[in-house]
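In what follows, a structure is listed as structure tokens, so that the remarks can point back to it.
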Amino acid sequence: MADADPTRQMSLTAFLMPAGQHSAAWRDPRSASDAGVDFAHYKAMAQLAEAGKLDAVFLADFAGSIGSGEVEAASRSSHDISFEPITLLSALAAVTEKIGLVATVSSTFNTPYDLARKFASLDLISGGRSGWNLVTSVNESEAYNYGLEEHVRHADRYARAAEFVDVAKGLWSSWEEGAFVRDREAGRFFDPSKMHVLNHEGRHFKVRGPLNVGRSPQGAPVIFQAGSSEAGRELAAQSGEAIFTAHQTLLSAREFYSDVKSRLGRYKRTAGQMKIMPGAFPVVAETQSEAEDIFERLQNLVHPESGLLLLSQLVGFDLSGYSPEDPLPDMPETNGNKSRQKLIVDLAREKNLNLRQIYQHIAGARGHWTIVGSTKQVADALEDWFVGGGADGFNLMPPVLPDSLERIVHLLVPELQRRGLFRTNIPGARCDPIWGLPSQTYLPASHRSPRSSLGGRPVPRGRTRNSRSRRPSG
């Protein structure tokens, strides 16, 4: 194993699904079957992740309806029954202090003004901890809830997303620092010279502005991006600050890492201004045999109908009429998640898997990297990818909640800290996460430098990352 660079440390986020990432987690007696609509559950998970010094909690979103032929299969899964993420994160902001709060919101079925307003509000409520996971939506069923007969074409979704991000960033630049003077004596609430009207007119959007929310602590949320297709990689290079991606091997992760980072120069960005964070599904325990027992117990809870529905959603092809013992059929290229379809098809062909074997393989991590082993084995695997050019950190996907997150915080994090791969407490103070806030003087959007790390705003000239005026005390 290569030696770790002592100057470089991992970023770690906790990707929270209601009862856990595994599709059968809600059937496990260690989970809460009603977790998706239990705020106390999410509060406990966010506070646990914060105690473990993780950078952020990360929430998915799915605004789809259940198709007429999917009701029986869908009735066996808990994943899609949950709170709307920005509403949930706004509540979690009040019961946490430092951890980042990342919500998935689709650019396909929202408008830039509404999104900019919501994230500016979340950033203010949380004291500068918001993050937006930018997606274009991959499921036909979501389109049906927004007045469409079919999903928007893949290329059109990404073209719309690129303009969407530009408009949102413009709206977040509506107000300079110090714009709101609130001078009671003079009777002036804000300084008009520090207000900027966007007046955007483009192919997809016409937005006047300005945003009717004051400038937030970060100026704009940290932008995550999930997508590994050609269009997804280019959008990531253009706008993403943290990239959530799926890989099965270090070789594949290295190729993606090198390719996306090499594109940054086109947008006057450097490699250090983006963090690539593959999804990792860690089944961790004190011993390998215990970890294997945990994983096998979950795998045995996967119902065939639920497994086929999950597989159908990921490959963009209806497999409900097939037997679990059938091989994966030939299928057209999906209009949904192209990179995930390719990953699953390549896996099935390479290993000659039938449908049951495929859905068992993806039931937990849905195509992301599954690691089953002892604390040392899981830490070794993460370290290999981190020092081997495949990742800047990981979006950790706890299989069952709360048990798996407790194991991550109490077993895995201390081992990574012991190796110098993850932050520890500063003596006499709290940890200093990547969401720490530097003081920032407003710069017009055309002159603003990209943020220099996953969290926080651009470092002003003459200041360093450690000279923070608003760093939380503790």
Side-chain angles (χ1 to χ4, degrees), residues 15 21 23 60-64 67 69-70 73-74 77 79-80 104 106-108 133-144 150-159 161 225-236 243-249 251-253 255-256 259-260 278-279 281 302 305-324 326-370 395 397:
F15 184 179
Q21 288 285 340
S23 64
D61 192 29
F62 177 66
E70 300 175 350
S77 173
H79 272 180
D80 298 335
T104 299
S106 171
S107 64
T108 305
N133 180 38
L134 164 61
V135 300
T136 66
S137 293
V138 298
N139 297 291
E140 290 280 348
S141 58
E142 291 192 67
Y144 304 152
E150 61 180 10
H151 202 3
V152 181
R153 303 307 302 170
H154 186 273
D156 293 336
R157 297 201 306 270
Y158 275 94
Q225 201 272 327
S228 300
S229 66
E230 175 60 28
R233 293 181 186 213
E234 199 63 25
L235 181 61
I243 310 305
F244 178 33
T245 182
H247 300 284
Q248 292 288 323
T249 67
L251 182 64
S252 171
E255 183 279 325
F256 179 87
D259 176 66
V260 174
F281 178 89
V302 179
E305 290 182 357
S306 176
L308 286 174
L309 176 59
L310 174 62
L311 183 55
S312 298
Q313 292 171 340
L314 291 177
V315 299
F317 184 80
D318 184 8
L319 297 166
S320 60
Y322 291 81
S323 164
D326 288 338
L328 184 70
D330 293 331
M331 62 189 73
E333 183 180 15
T334 181
N335 184 41
N337 192 328
K338 294 182 182 294
S339 59
R340 193 60 50 85
Q341 184 194 60
K342 183 179 186 303
L343 185 151
I344 291 172
V345 170
D346 289 348
L347 176 70
R349 303 292 186 241
E350 177 185 347
K351 298 189 176 183
N352 195 29
L353 304 179
N354 63 27
L355 295 180
R356 183 188 304 278
Q357 292 168 321
I358 301 169
Y359 73 62
Q360 286 279 353
H361 188 86
I362 54 95
R366 300 181 305 285
H368 291 280
W369 183 30
T370 297
N395 197 2
M397 307 168 66

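Side chains included, hydrogens not; waters and symmetry mates left out as well; all remaining heavy atoms used.
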Residues in side-chain contact (heavy atoms from CB on, under 4.5 Å) contact with Ser106, at least two apart in sequence or another chain: Thr108, Phe109, Asn110, Val135, Ser137
Given Thr245, Leu251, Thr249, the one that forms side chain to side chain contact (heavy atoms under 4.5 Å, CB included) with His247: Thr245
His368 to Gln248 - nearest heavy-atom pair and separation: O-NE2, 3.2 Å
Side-chain heavy atoms of Pro329 within contact of Leu319, under 4.5 Å: yes
Tyr322 side, atom OH; Ser312 side, atom OG - distance, nearest 0.5 Å: 9.5 Å
Glu234 side chain to Ala231 backbone, donor-acceptor under 3.5 Å: no
Residues forming a side-chain hydrogen bond (donor to acceptor under 3.5 Å, both in side chains) with Asp259, sequence neighbours excluded: Arg233, Arg263
Within residues 353-365 or reaching into it, pairs that qualify as salt bridge (charged side-chain N to carboxylate O under 4.0 Å, His left out) - sequence neighbours excluded: Glu325-Arg356
Heavy-atom side-chain proximity of Leu235 to Leu134 below 4.5 angstrom: yes
Residues forming a side-chain hydrogen bond (donor to acceptor under 3.5 Å, both in side chains) with Ser107, sequence neighbours excluded: none
Atom of Tyr158, atom of Ala226 and distance for their closest heavy-atom approach: OH-O, 4.4 Å
Partner set under side-chain hydrogen bond (donor to acceptor under 3.5 Å, both in side chains) for Thr104, not counting sequence neighbours: Asn133
Spatial distance of atom CG (Leu308) from atom CG (Asp318) [nearest 0.5 Å]: 9.5 Å
Heavy-atom pair of closest approach, residues Phe244 and Gly279: CE1-CA, 3.5 Å
Partners passing side-chain contact (heavy atoms from CB on, under 4.5 Å) against Val345 (at least two apart in sequence or in another chain): Leu328, Gln341, Arg349
Closest approach of Gln21 to Phe15 (non-hydrogen atoms, all atoms of both residues): NE2-O, 3.0 Å
